[in-house]
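A short write-up of the structure that comes next.
Just so we're on the same page: letters track the sequence lines, and every chain starts at 1.
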Number of protein chains: 2
Amino acid sequence: METLDTVPDEDFLRLDHQICFSLHAATRAFNGVYREALKELGLTYPQYLVMLVLWEHGELPVKGIGERLRLDSGTLSPLLKRLEAAGHVERRRSPEDERSVTVRLTADGTALREKALAVPRRIAAATGLEVAEIVDLRERLDALAARLDAVDPDDLGSCATGA
Amino acid sequence: METLDTVPDEDFLRLDHQICFSLHAATRAFNGVYREALKELGLTYPQYLVMLVLWEHGELPVKGIGERLRLDSGTLSPLLKRLEAAGHVERRRSPEDERSVTVRLTADGTALREKALAVPRRIAAATGLEVAEIVDLRERLDALAARLDAVDPDDLGSCATGA
DNA sequence: CACTATTAAGTTGTGCACAACTCAATCGCG
DNA sequence: CGCGATTGAGTTGTGCACAACTTAATAGTG
C-alpha cells in the first residue's frame, strides 16, 4: 500500500491542493443548494442548523447550542438576534442563572419545521446518493473532524519551518 | 438496500441535521488546523488556496484564479489586495486587455512555497489517513460537489412548500 | 464572609462568501 | 463605423467564523 512516506513533497503539495479545494468546494456547493432551498423559509444555512437543533430540543441555552454546533457566542449572539427579529425564537435570561440565556422556539419557529421537512429529502435526492452512502460519508467526515480537533496545536506550529 | 423513499420525513430531518453538521464541522476543523499551521506563513486558509494555484501556474488573471477556486471578484479582489500588501503577489492590468488584471508571484511569494512544502504532510499525518483514503474521500467530495453544482435552482425553489 | 477564579453572553475587529451593483474595456452585429 | 451587449474587476452591504476582549453572575477557597 502506498503510505504517506513514499510521496514526495512536490506531489504532496498538489494532493493537498486537491483535498483542500475539494472539501472547500463541497461545503460551498452544499451551501449554495441549501441557500436556494431555504430562501422561502427566510433562513440562511447556519440559521437552519440552529433551527434543526432547536426543533430537536425545543429549548436550549446559548451555550448548549454552541456545544452542539461548535460555534462560540461571537457567532451565535448576532445570529440568534436575527432569528429573534424574524420571530422564530425567543431569548430570555434564565431565572436560576442570570448569566445564561435560554433560547426557545416561538409558535412561528415551531411551525416553520413543517415547511422544512421537505427540504432535506430534495437535497439528498439532488446528491444522487443512497442513504447508506450518505451515512458512510458522514461517518468519514466525523472521524476526520475528530482527528483534526484532537491535533495538538504545538505539533503544527513548527510546520512552517519544517523542523 | 435502504433507499431514500423508505425513510420517513422525521428521520430524514435528523439525518440531514447530521450530514449538514458533519460537513460543516469537518470544514471548520480543517480550517482550524490550517489556520494554526499557516500562522507562521502569515496566510489564511483561502489565501493559501490562492497561493497553491499560483505556485502551480506562476501567473494568472483574477478570472483564472476565480475559475479554479470557484470564487468571484467580490471575494478575490480584497483577498488579492491583502496578498499584494503582504508582498507575495503583484497585480497589473493586462496590456492586451485592459479589463483583465494579471496576478503574478513576487520573489517573496515564490520563496514562500519552500516554507509551505512541509505543511500538507503534517496535516495529512494529523488526519491519520493513508494516501488512498485521502484520494477516495476527495473523489467522493468532488462527485458530491459536481452533483450539487448541477442542480437546477428551479427544482429547489418549491422545496419549502413541498409541492 | 471576602476575594479570586471561572463561566456565559455579548462586543469588536478582521477576513471570507456571495448577491447586487458600478464602471470601463472589449466584442459583435447591423 | 457606431452602438448596444457582454465581460472583467472592483465596490457595497449582509451574514458567518473566530480571536480577543468586556461585563456581569456564579462558584470555590481560605
Side-chain angles (χ1 to χ4, degrees), chain A residues 20-21 23-36 38-39 42-51 60-67 69-86 89 91-103 149 153, chain B residues 20-21 23-36 38-39 42-51 60-67 69-86 89 91-103 149 153:
Chain A
C20 280
F21 169 72
L23 193 61
H24 212 64
T27 298
R28 283 189 291 112
F30 239 100
N31 258 290
V33 171
Y34 268 97
R35 192 193 326 278
E36 199 59 39
L38 294 172
K39 201 177 278 177
L43 295 176
T44 64
Y45 183 68
Q47 285 168 8
Y48 173 64
L49 292 180
V50 169
M51 292 302 286
L60 278 175
V62 173
K63 179 181 166 56
I65 298 173
E67 280 168 357
L69 299 179
R70 300 193 202 193
L71 293 172
D72 66 10
S73 66
T75 300
L76 285 174
S77 287
L79 188 156
L80 290 169
K81 274 190 187 173
R82 284 186 283 269
L83 284 180
E84 185 175 44
V89 305
R91 295 182 307 147
R92 60 174 212 285
R93 290 276 158 192
S94 163
E96 310 93 62
D97 185 342
E98 287 286 331
R99 290 172 304 180
S100 177
V101 167
T102 302
V103 181
D149 280 340
Chain B
C20 279
F21 169 71
L23 195 60
H24 213 65
T27 297
R28 284 189 293 110
F30 240 99
N31 258 287
V33 172
Y34 268 97
R35 194 194 323 280
E36 199 59 39
L38 294 171
K39 200 178 279 177
L43 295 175
T44 66
Y45 183 66
Q47 286 168 9
Y48 174 63
L49 293 179
V50 170
M51 291 303 286
L60 278 174
V62 173
K63 180 181 165 57
I65 298 172
E67 281 168 356
L69 298 179
R70 299 194 203 193
L71 293 172
D72 67 7
S73 66
T75 299
L76 285 175
S77 287
L79 187 155
L80 289 170
K81 274 190 187 174
R82 282 186 284 270
L83 284 181
E84 186 174 42
V89 305
R91 296 182 308 146
R92 61 174 211 283
R93 289 277 158 191
S94 164
E96 309 92 65
D97 187 341
E98 287 285 331
R99 289 173 304 181
S100 178
V101 167
T102 302
V103 181
D149 280 340

Would you give the length of the straight line joining atom CD of B/Glu67 to atom NZ of B/Lys63, rounded to the nearest 0.5 angstrom? 4.0 Å
Distance (rounded to the nearest 0.5 Å) between A/Arg28 CZ and B/Thr27 OG1: 10.0 Å
Can you pull out the residues from residues 94-103 of chain A that lie within a 4.0 Å heavy-atom distance of DNA chain C? A/Arg99, A/Ser100, A/Val101
Run the salt-bridge test on B/Lys81 and B/Glu84 with the 4.0 Å N-O cut-off and return the result as yes or no. no
Taking only side-chain N and O atoms of B/Lys81, does any of them lie within less than 4.0 angstrom of OP1 or OP2 on C/dG15? no
Gap between atoms [atom1] and [atom2], on [X] and [N] respectively (whole Å):
{"X": "B/Lys63", "N": "C/dA25", "atom1": "NZ", "atom2": "C1'", "result": "15 Å"}
{"X": "A/Arg92", "N": "C/dA8", "atom1": "CZ", "atom2": "C1'", "result": "16 Å"}
{"X": "A/Leu76", "N": "C/dA9", "atom1": "CG", "atom2": "P", "result": "9 Å"}
{"X": "A/Arg93", "N": "D/dT26", "atom1": "CZ", "atom2": "P", "result": "10 Å"}
{"X": "B/Leu80", "N": "D/dT11", "atom1": "CG", "atom2": "P", "result": "12 Å"}
{"X": "A/Gln47", "N": "D/dT14", "atom1": "CD", "atom2": "C1'", "result": "11 Å"}

With heavy-atom distances below 4.5 Å as the criterion, would you say the side chains of A/Ile65 and A/Leu71 are in contact? no
Residue pair A/Leu76 / A/Val50, side-chain heavy-atom distance below 4.5 Å: yes
What is the nucleic acid contact for B/Pro61, judged by heavy atoms within less than 4.0 Å: base, sugar-phosphate only, or nothing? sugar-phosphate
What pairs of nitrogen or oxygen atoms, one from the protein and one from nucleotides 17-21 of chain D, lie under 3.5 Å apart?
| unit_1 | atom_1 | unit_2 | atom_2 | d |
| --- | --- | --- | --- | --- |
| D/dA17 | OP1 | B/His24 | NE2 | 2.7 |
| D/dC18 | OP2 | B/Arg28 | NH1 | 3.2 |

